[in-house]
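Okay, structure first, notes after.
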Amino acid sequence: MPQGADTDQPDAGHRAPSFGSTGRYVGAAVPRREDPRLVTGRGRFLDDIAVPGMLHAQFVRSTIAHARLLEVDLTAVRALPGVVAAYSAADLALGDITALLDRPLEEFVPTPMPVLSGAPQADGSLGKVRFVGEPLAIVVAADPYLVEDALELARVRYEALPAITSAEGAMAQGAALVHDEAPGNVLVDVSMFATEGIDEVFSDAHTVVEVRSSTGRQNALPLETRGALAEWDERAGQLVLDTCTQVPHQVRTVTAGCLGLAERQVRVRVPDMGGGFGIKCVVGREEIAVAAAAQRLRRPVKWIEDRKDALTASFLAREQQYVARAAFDREGHVLALDADVVCDMGAYSCYPFTAAIEPLMASGEMPSVYRVPAYRVRGRSITSNKAPTAPYRGVSRPQYVMVMERLMERAARVLDLDPVEVRRRNVITTFPYTGVNHITYDPGSYLESLDLAEQTVRDEGWYDVQAAARAEGRFVGIGYSCFSERTGYGSGAFAKRRMKVVPGFDISEIRMDLSGTVTVTTGTQSHGQGHETTMAQIVADKLKLDVADVRVEQGDTDRVLYGWGSFASRSAVIGGSAVGAAAGKLEVKLRELAAHLLGTRPEVLELRDGGVRPIPHAGDGVPPEGLSFTQLADVAYLKSHLLAKETDPGLSAVASFDVAGDGTFSNATHACVVELDPGTGGTRILRYVCVEDCGVAINPPIVEGQARGGIAQGIAGALFEQVSYDANGEPSCASFLDYKVPTAWETPDVLIKHLETPCLFTETGAKGAGEGGTIGAPAAVLNAVNDALRPTGVELDDTPIRPEVVHRSLQVTRSAAHGSAA
Amino acid sequence: MSERQLVTLTVNGVEHELLVEPRRTLVDALRHDLRLTGTHVGCEHGVCGACTVLVDGLPARACLMFAVQAEGREISTVESLSPDGRLNDLQQSFVDHHGLQCGFCTPGMLMLAEGLLAERPAAGREEIREVVAANLCRCTGYQSIVDAVEACARARCPQEERS
């Protein structure tokens, strides 16, 4: 059953979708209202905020990857003139950050993350450190330079333990345990689906292909690092925490819990954010420690993460290994998929998603856009002595899409079929489609996007370019990736994963003021996507207001009723529907009020031109000018004696939205043309084409920006970025000199073509658009590289694609290479 | 830690006297002493370019310069581009081409581009791309930034004045 407009929605205020066709703004390139302040340097990012008496904090961090802590001595730190305070775990005695799943211990082992490590344990020891960069103490001084000096005076004694730095090492016999309670260093182990008779399908199949793939650990790397500014407000009786987070309400919950406060005593506010990409949708330890220091000192305390800490001690993602087999018939139809996924989640579970976020995403959704009749998967998370992981843009989908697309390509080679044709024979074409993974896919344009991408590449002459290049002995390749992505997971989808904390709904409040303009709150949290603009577009259309007359409020737990923030491409789908639903309720209210004042029925009235006017030709003798919003607001607030008895004064409404069931899937096909340099092994992207379908694009330039930026990050993962550690767990990437972030020179221009399969249940027909670019790019690039390598017979399945590997591969002659098919 | 020094900084045409430690970076002096927070800090390693300002008209990493080194130099920051509050043509071009998302790298990109266009007004797309590659942006994929700078370059230096 697809989640369509005919499905019951939990909120009565939800109305039939309009698909934006009735409005002026949805679908239009409305200029972003964020831009003027940002291009003039008048934005207000966290480190731009200064308050009188503000102190600066930094952290004493572990320099050893795995060790028993023997002593954290801050005596010399405290003795340095200018240091105001230095707190160890013992000094602050804070609660842990604990993320849980509702699963048995065989499937999930919780790993509580202390705010500061080194708290005295029941046995009198100080416990362990589990990665280089783990915070042990917070040091506070009036001068930010002096804090850095002070950190060097901390004396920490360790008893080193063997560091776990790889999945193989973690699962080896007799390996040291990162957490004593996690045998074999396995935090998550789930086996799912296991279609009956799947082994017979494999043994009887015409062709079975296998892909073994590993992907590098990455840093989501927003250009603005993490940070927090906390202050105890005596008058409000509140800890006010300004922090750059994608999930302000969840930060409130954890802060209150760790500090032993009630939620009303914590107010989280979010200033302009310099990106997030998922790394800021989990609750970090440092912001809690900053809050605790401010509470104790009764002075404002600010912490701005430096780039070294952002690279080594923040949250990472993406390090996965796949062993996947797929069975095909002679014509290239996939018959079965069997996969084993191992994710290196680092030292701790992140809140609220846990260390299961990557394996559960991969296991649940790996069949992707294809009709896979039989499926079996085992997904595991192992823990290691590396910085923990957070759900980075795409979450596992860049990896499993890459593996699925490699399987398709490999099958095509073995069966001597065109790889695009193999995809064409397997993509889902009739909707709704309920897969072997028990997910129902709403309508998309899987086949259409594939056809259009291939046609575009063909029309632009790239196949001719490739043929000519090959004739000259050059290595030019064309690669595709075809995928869909669930966007806007509702509470049902997260509940299916058995999270203890189940994200999903969003709730909005809308208020019309005496000026006849409105303020709407959203629980989603823009961190660069332009929600102040897009949410206003939705509301302006609904209320027939000028978009400039709609203010969007976000990022303040005192002003916003509640929210789950922004992640999983949920903002347009869920947040956008909630603001639309709230505006819908206000619309009803306005018509009822006008009807009462005009002595008519609401049904003959409509919102038009800044007021409530009679529907033309609806008769009823209503004055044609109706009542303007300012006239209505004047009555609602200043002349409430004129209201009907049962009507509350004021003009406000609250509405929520949740996605019932499996939600909505955006889809795309990416096509990439590369040329390999035999001299350096470098990969140059000659052309990149993206045919995407996210339903109705609320603001097309913003959607294109999301796609282009996402693709840049996907290319980064395919060709450049990897966080590496040495055998002792020492991180090798401590600056941008060690971690290669692609520049304008390595990042190609992208041709974007749009298809539009509207979502059937969101306010605007929009599907999510935040992650797709990142999801599709690694597979397209890798397939293009393999196509370029075709004359050599070598096939690569790992990312990042290292130049030395390409270089070596180009030395291999076809005769020396063995076939890669099973 | 060390003795403070009196330094005179000329920023956006205005002289300021500051008492700073010799180790205080120019970007910290601009942001935290003069409260010109438009210039951002992304890495403090001189790689990302978020802190790019113009020093005597040329782009410089304000995180790699000490404030005391800027004595006697003309510093221009993003705040200089729209003194009357109206966007200049380059800023408007960034808006028109969706050349920013989170906006964190934007002031650095703007000052980098102003430096380029002052020095090489007829710069073509590939030249612009090469210069934009001096700074990092994590949101846009750079295409729209190159578009924005290119459009501004073409408007400032029409075809007949090129080559």
Side-chain angles (χ1 to χ4, degrees), chain A residues 29 31-32 34-45 47-50 144-146 149 220-225 272-277 304 306-308 527-530 701-702 704-713 715 735-737 741-750 773, chain B residues 1 21 23-24 28 31-32 35-48 50 77-82 85-88 90-92 94-107 110 128-147:
Chain A
R32 296 201 328 161
E34 293 87 346
D35 287 356
R37 69 174 187 265
L38 295 174
V39 297
T40 52
R42 293 198 194 93
R44 185 178 161 93
F45 295 90
D47 195 29
D48 301 343
I49 305 171
Y145 285 56
L146 189 120
D149 298 334
L221 213 132
L223 207 49
E224 181 202 35
T225 56
D272 280 326
M273 274 176 73
F277 315 118
I304 300 295
D306 70 12
R307 184 54 63 184
K308 173 176 155 284
H527 40 292
Q529 305 94 325
I702 288 180
E704 293 200 357
Q706 288 295 315
R708 289 205 170 88
I711 287 166
Q713 291 188 7
I715 291 170
S735 81
F736 282 144
L737 300 175
V741 179
T743 69
W745 198 244
E746 293 89 13
T747 308
D749 284 352
V750 175
Chain B
M1 274 320 275
E21 283 186 39
R23 65 176 175 174
R24 190 156 186 85
D28 282 346
R31 287 178 48 77
H32 302 303
R35 294 299 297 154
L36 293 168
T37 54
T39 305
H40 296 150
V41 181
C43 70
E44 297 178 288
H45 299 142
V47 181
C48 80
T77 69
V78 69
E79 285 89 352
S80 70
L81 300 183
S82 45
R86 289 183 31 186
L87 306 190
N88 83 357
L90 181 66
Q91 292 168 315
Q92 188 60 50
F94 268 65
V95 172
D96 293 343
H97 292 87
H98 192 32
L100 64 150
Q101 287 180 29
C102 78
F104 196 80
C105 76
T106 309
L110 288 167
I128 290 168
R129 178 182 293 282
E130 194 174 353
V131 170
V132 168
N135 286 11
L136 295 180
C137 167
R138 194 57 166 174
C139 295
T140 62
Y142 302 104
Q143 183 173 345
S144 59
I145 295 175
V146 175
D147 290 345

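Model, not experiment: these values are computed from the prediction. First the proteins, then the strands, lettered A, B, ... as listed; each starts at 1.
Among A:I702, A:I711, A:T225, A:D306, the residue with the largest count of heavy-atom pairs under 4.5 Å with chain B is A:I702. The candidate from B:H97, B:R24, B:Q143 with the greatest count of non-hydrogen atom pairs under 4.5 Å with chain A is B:Q143. Among the candidates A:L737, A:D272, A:V750, the residue making the largest number of heavy-atom pairs closer than 4.5 Å to chain B is A:V750.
Without hydrogens or angle criteria, B:R138 side chain to A:G274 main chain gives no donor-acceptor distance under 3.5 Å. Of the possible polar contacts, one joining the A:R307 side chain to the B:G42 backbone as a donor-acceptor pair under 3.5 Å is found. Using modelled atom types, one side-chain atom of B:Y142 and one backbone atom of A:P742 make a donor-acceptor pair closer than 3.5 Å.
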**OP:** Begin from the C-alpha positions of B:H40 and A:D48 and carry the test side-chain contact (heavy atoms from CB on, under 4.5 Å) through to its verdict.
**Re:** CA-CA 9 Å; B:H40 296 150; A:D48 301 343; 4.1 Å; yes
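By the side chain to side chain contact (heavy atoms under 4.5 Å, CB included) test, A:T40 is found to be paired with A:R42, B:S82, B:L87, B:Q91, residues two or more places apart in sequence or in another chain being considered.
Between B:V47 and A:S735 the shortest side-chain heavy-atom distance does not fall below 4.5 Å. Using a 4.5 Å heavy-atom cutoff, the side chains of A:V39 and B:Q92 are not in contact.
Of all the heavy atoms in B:R129 and A:D749, the pair that sits closest is NH2-OD1, 2.6 Å.
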Enumerate, atom names and distances included, each donor-acceptor pair closer than 3.5 Å involving a side-chain atom of residues 99-107 of chain B, sequence neighbours excluded.
unit_1, atom_1, unit_2, atom_2, d
B:Q101, OE1, A:Q706, NE2, 3.4
B:Q101, NE2, A:G705, O, 2.9
B:Q101, NE2, B:C139, O, 3.2
B:T106, OG1, B:G103, O, 3.4

